[in-house]
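Right, one structure below, let's go through it.
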Amino acid sequence: MVFYGFEDGFTAEQVGVYAKPELSVDQMEMIMEGFYEGFSIEEVKIYAKAMLSVEQMKEVLLGLQSGLKAEEVMIYADEKFHWREMREMRIALIRTKRKVLSRARKRKYQGVRDLAVQEFLSLRKKGREAVEERREENENDSTKND
């Protein structure tokens with residue numbers, strides 16, 4: 001496994017994360033997968049632990065791949081949780097994050113829409129004022145000409 005890592009361009013520090021006798025070959029491969037995916041050493045170290053099963057490691061990696069931040073993944077990256085529990089937590093975190101982002105986008109959209117409406121109303125008011133001023137000027141000019 002060490003040879004393959006160097007062959008694939010891993011740094012000595014990356015290889016050092018998984019080249020440990022307490023890790024199984026499957027665990028090493030799961031750690032390598034994180035590096036292949038482009039995750040940092042700090043992110044991969046979240047699940048590069050011998051006490052985690054391959055399935056548990058996979059749940060952590062799936063969280064990272066889904067866009068969860070390291071702090072969010074660390075909520076469930078604990079050997080005391082069965083991998084199925086980890087999956088439930090991962091899915092719940094992803095759904096919650098999506099809902100929050102969706103609400104934020106709606107608020108942002110609503111805010112932009114509100115600004116556009118305010119701008120429109122302001123322009124409409126200025127336009128009406130300009131039209132009113134012209135009417136008054138025209139009336140003044142017509143009364144002067146009479």
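This structure is a prediction, so every number in the text was calculated from the model and none was measured.
Linking ILVMFWY residues whenever their side-chain heavy atoms come closer than 4.5 Å, directly or via other members, leaves V100 and L93 in distinct clusters. Linking ILVMFWY residues whenever their side-chain heavy atoms come closer than 4.5 Å, directly or via other members, leaves M51 and M28 in distinct clusters. L62 is not connected to M74 by any chain of hydrophobic side-chain contacts under 4.5 Å among Ile, Leu, Val, Met, Phe, Trp and Tyr, and they are in different clusters. Tracing side-chain contacts under 4.5 Å through hydrophobic residues (I, L, V, M, F, W, Y), one never reaches I91 starting from M86; they form parts of separate clusters. When hydrophobic clusters are built by joining Ile, Leu, Val, Met, Phe, Trp and Tyr residues whose side-chain heavy atoms come closer than 4.5 Å, directly or via intermediates, M32 is grouped together with F6.
Taking the side chain as every heavy atom from C-beta outward, Y47 and L64 approach each other to under 4.5 Å. In this structure, Y18 and V44 have side chains that are not in contact, with every pair of non-hydrogen atoms separated by 4.5 Å or more. A heavy-atom distance below 4.5 Å is not found between the side chains of E33 and E29. With contacts defined as side-chain heavy-atom distances shorter than 4.5 Å, the pair V60/Y76 qualifies. Considering only heavy atoms from C-beta on, V54 stays 4.5 Å or farther from W83 through its side chain.
Under a 3.5 Å cut-off, the side chain of S102 and the backbone N or O of R98 do not form any donor-acceptor pair. One N or O on the side chain of K97 and one on the backbone of G67 form a donor-acceptor pair closer than 3.5 Å. Side-chain atoms of Q56 come within 3.5 Å of backbone N or O of S53 as a donor-acceptor pair. A side-chain donor-acceptor contact under 3.5 Å links Q27 to the backbone of L52.
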Verdict with reasoning, F35 to D8, per side-chain contact (heavy atoms from CB on, under 4.5 Å): CA-CA 10 Å; F35 290 130; D8 290 342; over 6 Å; no
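Ring geometry, F10 versus Y36: the interplanar angle falls from 30° to 60°, so the pair is classed tilted.
Ion pair R135/E132 flagged as a salt bridge, since at least one NZ, NE, NH1 or NH2 atom sits closer than 4.0 Å to an Asp/Glu carboxylate oxygen.
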